[in-house]
Amino acid sequence: MINIPKGTKDVLPYESYKWHYIENIVREITQKYGFLEIRTPTFEHTELFLRGVGETTDIVNKEMYTFIDKGNRSITLKPEGTAGVARSFVENGLSENPQPMKMYYITPVFRYERPQAGRLREHHQFGVELYGSDSPYADVEVISVAKNLFNALGITELELNINSIGCPVCRAEYNKALKEYLKEHIDGMCATCKERLDKNPLRILDCKEERCKAVNVNAPRVIDYLCDDCKQHHESVKSILTSLGIQFKVNPNIVRGLDYYTKTVFEFVSTSIGAQGTVCGGGRYNNLVKEVGGKPTPAVGFGMGIERLLMVLEALNLGVGAPEIPSVYIAPLSSDQMLDAYKLVAELRSKNVSADTDIMGRSLKAQMKYAGKRGYAYVVVLGENEINEGKAKIKIMATGEEVAVELNKLAEEISRR
RNA sequence: GUGGGUAUAGUUCAGGUGGCUAGAAUGCCAGAUUGUGGCUCUGGAGGUCGUGGGUUCAAGUCCCACUACUCACCCCA
């Protein structure tokens, strides 16, 4: 037997409705906010992610699905959603559309990692991108989409953490201070942190090792080194959120693992789905568009893991919609009525009534069992008498009661109920 | 890349100290005097016991290796 590749998942026929439930709510909310869907390819030139995501990041260093295609091009399956959107924005001159550009996507993303609870090699992200505004209101707009989505799904337990990692100017200043501090304490820290000291000291703050945590407690914090512009931006974001009643916690240790972030970074975290609790992560990335070859354009956005979102819904026992079942089942009494039943079903379908019939050649009893198990709301038995008289009975499965109906009015009768 | 746990029907699991054709529940299919589901009853299909070695008269059961799954680290959605 050939089995499924490691870290991937099938969405099976009896659970796909849960995905539809989430996707429908996503489209409802983005529509309300005026975001338009953008669809970019599943793979891009590797170069895009090297430039966009950053060469020192773990994602680029060890987690990308990269291969050489038959034309000798280096191709990579997208490890996140933002870089492709930035590429498309530049390539299609979207900066010449009315600004801001508000876009969203739902896409598979691929990372070569060891799978565990809440972590797959292929997972799906819903993401939002807002291009063209450097205002703190844009940050809030984006956070608000996520917040609203959670509300619509009935999720209230997620904690919003926010931080600011500054712009290149103040970050350089801060990096210097941080490095100096860390150099004095590096001997007591773990091996990976020692390596990170030169390449990306910011990441050290995120280390989970006890001895490193101990050092980090007293480390200089980015927030204290923000330049006036970044500081003001951060303060504004916080005060607007507060005014809107969106609760948050400032967490000086959140440092996103992608290099393109500037100023605001945030995440929504769950405590009920295991170690991988980040359901939504995002922030501002004012340098990304320039980095991939466009003119400098401020941008904010987030990515949200749909599988993790489903895990939260399940853990909290929240509704996830219902299986989609046709409403009426036409049961031919014997194989003599199969064609008539099939014609009737065709007519119902053409009149926008979802209908089904026997294609197994089964006994009436077996058909009734099947209809009961699948959950059809109505069953109509079609025998010789019904066909000759043009009349039948609609059996209401939930109660067992039967109501008479003329066959040529069946569609109207079903849609009326 | 590093650690821990687990591997027996489609699914969830039983199978002390090795011993006759490997079980249950559930699901699936069929039937219970031939025009009606959900309850009940009967029957049926379905397993190279993860794979490969080894010990033994005999291995699902003991030993070794491999693989897969899983949780955690790392990192992230």
Side-chain angles (χ1 to χ4, degrees), chain A residues 1-9 12 14 53 57-63 78-82 106-127 146 158 190-193 195-196 200 203 206-210 212 254-258 265 267-270 273-282 301-312 329-334 336-337 358 360 362-386 392-402:
Chain A
M1 188 183 67
I2 298 170
N3 40 20
I4 196 168
K6 187 193 270 282
T8 62
K9 273 237 156 50
L12 298 172
Y14 286 106
V53 177
T57 61
D58 278 9
I59 290 181
V60 168
N61 270 326
K62 41 187 207 192
E63 296 174 4
K78 55 164 95 161
E80 51 85 63
T82 297
I106 296 175
T107 183
V109 303
F110 307 86
R111 289 179 205 168
Y112 191 87
E113 304 184 85
R114 285 285 290 272
Q116 71 185 73
R119 195 174 68 189
L120 298 163
R121 289 188 171 179
E122 179 190 32
H123 75 276
H124 296 78
Q125 285 191 17
F126 155 56
L158 296 183
C190 72
T192 38
C193 280
E195 261 177 58
R196 287 191 274 222
N200 204 335
R203 203 77 49 67
D206 221 15
C207 191
K208 309 287 188 300
E209 288 234 10
E210 281 310 319
C212 301
I254 64 168
V255 180
R256 319 249 67 241
L258 300 88
V265 291
E267 45 190 51
F268 284 87
V269 183
S270 166
I273 57 170
Q276 309 299 320
T278 302
V279 175
C280 171
F302 67 71
M304 189 181 294
I306 297 182
E307 283 85 351
R308 286 187 190 173
L309 195 56
L310 277 168
M311 287 171 79
V312 171
Y329 182 91
I330 308 298
L333 187 57
S334 76
D336 292 343
Q337 285 82 36
D358 178 49
M360 297 275 282
R362 283 199 274 214
S363 70
L364 179 60
K365 189 157 188 142
Q367 293 185 62
M368 290 304 294
K369 269 191 188 169
Y370 172 75
K373 270 183 285 209
R374 291 261 347 237
Y376 296 89
Y378 312 107
V379 170
V380 175
V381 175
L382 209 59
E384 222 175 324
N385 299 341
E386 283 79 4
K393 284 178 184 156
I394 300 174
K395 176 157 185 170
I396 299 158
M397 294 299 274
T399 61
E401 72 180 299
E402 297 189 316

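These values consider heavy atoms only, across backbone and side chains, with no hydrogens, waters or symmetry-generated copies. Values in this document were obtained by computation on a predicted structure and should not be read as measured data. Just so we're on the same page: letters track the sequence lines, and every chain starts at 1.
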Student: Pick the P atom in U40(B) and in U26(B), then give their distance to the nearest Å.
Tutor: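 Result for the P pair: 8 Å, nearest Å.
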Student: If the C1' atom of A9(B) is compared with that of U48(B), how far apart are they to the nearest Å?
Tutor: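 The answer is 13 Å between these two C1' atoms.
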Student: Would you say Arg362(A)'s side chain and Gln367(A)'s backbone share a donor-acceptor pair under 3.5 angstrom?
Tutor: no
Student: If I pick the C1' atom on G4(B) and the same atom on G10(B), what distance separates them, to the nearest angstrom?
Tutor: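 Nearest-Å result for G10(B) against G4(B) at atom C1': 30 Å.
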Student: Among the candidates U36(B), C74(B), A77(B), find the nucleotide nearest to the side-chain atoms of Val381(A).
Tutor: U36(B)
Student: Looking only at atom types and distance, does a side-chain atom of Arg308(A) sit under 3.5 Å from a main-chain N or O of Thr278(A), one as donor and one as acceptor?
Tutor: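 Checking the backbone N and O of Thr278(A) against the side chain of Arg308(A), a donor-acceptor pair under 3.5 Å is found.
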Student: Using the P atom on both, measure G18(B) against U11(B) and round to a whole Å.
Tutor: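 These two P atoms come out 30 Å apart once rounded.
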Student: Looking for any heavy atom pair under 4.0 Å, which part of the strands does Gly127(A) touch: base, sugar-phosphate only, or nothing?
Tutor: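 Nothing, no nucleic acid heavy atom in range.
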Student: Check every strand shown and say whether Val279(A) touches a base, only sugar-phosphate, or nothing at a heavy-atom separation below 4.0 Å.
Tutor: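 Counting heavy atoms under 4.0 Å across all strands, the contact made by Val279(A) is with sugar-phosphate only.
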Student: Round to a whole Å and report the spacing from CD1 of Ile273(A) to P of A77(B).
Tutor: 13 Å
Student: Taking the six-membered ring for Trp, are Tyr370(A) and Tyr376(A) parallel (under 30°), tilted (30 to 60°) or perpendicular (over 60°)?
Tutor: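 Ring orientation, 0 to 90° scale: tilted.
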Student: Taking atom types as they are modelled, would you say the side chain of Lys369(A) forms a donor-acceptor pair with the base of G38(B) within the 3.5 Å cutoff?
Tutor: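 Answer is no: no donor-acceptor pair is held.
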Student: Without decimals, in angstroms, what is the distance between Glu384(A) CD and U36(B) P?
Tutor: 16 Å
Student: Regarding Leu120(A), tell me which of base, sugar-phosphate or nothing describes its non-hydrogen contacts under 4.0 Å with the strands shown.
Tutor: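 The residue Leu120(A) makes base contact.
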Student: Considering only atom P, compute the distance from C75(B) to G19(B) and round it to an integer number of Å.
Tutor: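 It works out to 49 Å between them.
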Student: Between C76(B) atom P and Lys62(A) atom NZ, what is the distance in whole Å?
Tutor: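 Distance, rounded to whole Å: 9 Å.
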Student: When you compare the side chain of Glu113(A) with that of Arg119(A), does any pair of heavy atoms fall below 4.5 Å?
Tutor: yes
Student: Rounded to the nearest Å, what distance is computed from the CZ atom of residue Arg121(A) to the C1' atom of nucleotide C76(B)?
Tutor: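 Taking atom C1' of C76(B) as the reference, CZ of Arg121(A) is at 15 Å.
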Student: Using a distance-only criterion (donor-acceptor N/O pair, under 3.5 Å, no hydrogens), is the base of C75(B) paired with the side chain of Arg119(A)?
Tutor: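 Side chain to base: pair present.
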Student: Please check the phosphate of G35(B) (OP1 and OP2 only) for any side-chain N or O of Lys365(A) closer than 4.0 Å.
Tutor: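 Lys365(A) to G35(B) OP1/OP2: no side-chain N or O under 4.0 Å.
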Student: Does U70(B) have OP1 or OP2 sitting under 4.0 Å from an N or O in the side chain of Gln116(A)?
Tutor: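 Checking Gln116(A) against U70(B): no side-chain N or O falls below 4.0 Å of OP1 or OP2.
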Student: Could you tell me the separation between the CG atom of Leu158(A) and the CD atom of Glu267(A), rounded to the nearest 0.5 Å?
Tutor: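 Reported value, rounded in 0.5 Å steps: 11.5 Å.
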Student: Under 3.5 Å, side chain of Glu307(A) to main-chain N/O of His124(A), donor-acceptor pair present?
Tutor: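 Checking the backbone N and O of His124(A) against the side chain of Glu307(A), a donor-acceptor pair under 3.5 Å is found.
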Student: Using atom P in both nucleotides, what's the gap between C49(B) and C20(B) to the nearest angstrom?
Tutor: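 The same atom, P, in both gives a distance of 15 Å.
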Student: In Watson-Crick or G-U wobble terms, both distances under 3.5 Å, what is the partner of U42(B)?
Tutor: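 For U42(B), the partner nucleotide comes out as A30(B), under the 3.5 Å rule.
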Student: Is there a side-chain contact between Lys373(A) and the phosphate of C29(B), meaning an N or O under 4.0 Å from OP1 or OP2?
Tutor: yes
Student: Are any of the side-chain heavy atoms of Leu309(A) and Met304(A) separated by less than 4.5 Å?
Tutor: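 A side-chain contact under 4.5 Å exists here.
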Student: Need the pair for G60(B). Rule: Watson-Crick or G-U wobble, both distances under 3.5 Å, any strand; none if unpaired.
Tutor: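 No nucleotide pairs with G60(B).
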Student: Among A72(B), U36(B), A77(B), which is the nearest nucleotide to the side chain of Ala275(A)?
Tutor: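 The answer is A72(B).
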Student: Among U36(B), C73(B), A77(B), which nucleotide has an atom closest to any side-chain atom of Leu364(A)?
Tutor: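 Closest nucleotide to the Leu364(A) side chain: U36(B).
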Student: With a 4.0 Å cutoff (strictly under), does any side-chain N or O of Gln367(A) reach OP1 or OP2 of G35(B)?
Tutor: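 So the side chain of Gln367(A) is outside the cut-off, no N or O lying under 4.0 Å from OP1 or OP2 of G35(B).
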Student: Taking for each residue the nucleotide of RNA chain B with the nearest heavy atom, is it Ala117(A) or Gln276(A) whose nucleotide lies nearer the 5' end?
Tutor: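 Upstream on the strand: Ala117(A).
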Student: Using a heavy-atom cut-off of under 4.0 Å over every strand shown, decide if Ala398(A) touches base, sugar-phosphate, or nothing.
Tutor: base
Student: Quick one: does Lys62(A)'s side chain get under 4.5 Å of Tyr112(A)'s, heavy atoms only?
Tutor: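 They are not in side-chain contact.
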Student: Within the modelled atom types, does a donor on one side and an acceptor on the other bring the side chain of Arg374(A) and the base of G37(B) under 3.5 Å apart?
Tutor: no
Student: Would you classify Asn3(A) as touching base, sugar-phosphate or nothing, given that sugar-phosphate means primed atoms plus P, OP1 and OP2, and contacts are heavy atoms under 4.0 Å?
Tutor: nothing
Student: Counting distance alone, no hydrogens or angles: does the base of C76(B) have a donor or acceptor under 3.5 Å from a partner atom on the side chain of Glu63(A)?
Tutor: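 When only heavy-atom distances are counted, Glu63(A) does not reach the base of C76(B) through any donor-acceptor pair under 3.5 Å.
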Student: Indicate whether OP1 or OP2 belonging to C75(B) is found under 4.0 Å from a side-chain N or O atom of Arg114(A).
Tutor: no
Student: How long is the line joining CE of Met311(A) and P of U70(B), in whole Å?
Tutor: 11 Å
Student: Atom NZ of Lys9(A) and atom P of A77(B): how far apart are they, to the nearest Å?
Tutor: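 Lys9(A) atom NZ is separated from A77(B) atom P by 19 Å.
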Student: Counting only Watson-Crick or G-U wobble pairs whose two distances fall under 3.5 Å, which nucleotide matches U17(B)?
Tutor: none
Student: With C1' as the reference atom in both, quote the distance from A68(B) to G50(B) in angstrom, rounded to an integer.
Tutor: 7 Å
Student: Can you tell me if Lys6(A) touches the phosphate of A68(B), counting only side-chain N or O atoms and a distance under 4.0 Å to OP1 or OP2?
Tutor: no
Student: How many Å lie between CG on Asp58(A) and P on A77(B), as a whole number?
Tutor: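 To the nearest whole Å, that distance equals 12 Å.
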Student: Is there a side-chain contact between Met368(A) and Lys395(A) in this structure, where contact means two heavy atoms from C-beta onward sitting under 4.5 Å apart?
Tutor: yes
Student: At under 4.0 Å between heavy atoms, what does Ala371(A) touch on the DNA or RNA strands: base, sugar-phosphate, or nothing?
Tutor: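 Answer is nothing: Ala371(A) stays at 4.0 Å or more from every strand.
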Student: Hunt down the Watson-Crick or G-U wobble partner of G1(B), both distances under 3.5 Å, from any strand shown, or write none.
Tutor: C73(B)
Student: Given the P atoms of A24(B) and U56(B), what is the spacing between them in whole Å?
Tutor: 35 Å
Student: Closest nucleotide of RNA chain B for Glu402(A) versus for Ile306(A): which of these residues is on the 5' side?
Tutor: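 Whichever sits nearer the 5' end wins; that is Glu402(A).
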Student: Would you mind pulling out the nucleotide paired to C66(B), Watson-Crick or G-U wobble, both distances under 3.5 Å?
Tutor: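 Across all strands, the one nucleotide that pairs with C66(B) is G50(B).
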Student: Under a 3.5 Å limit for both distances, which nucleotide forms a Watson-Crick or G-U wobble pair with U12(B), could you say?
Tutor: A24(B)
Student: Have a look at Glu386(A) and say if it touches a base, only the backbone sugar-phosphate, or nothing, with a 4.0 Å heavy-atom cut-off.
Tutor: base
Student: Between P on C75(B) and CD on Glu113(A), what's the gap in Å once rounded to a whole number?
Tutor: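 Atom CD in Glu113(A) sits about 11 Å away from atom P in C75(B).
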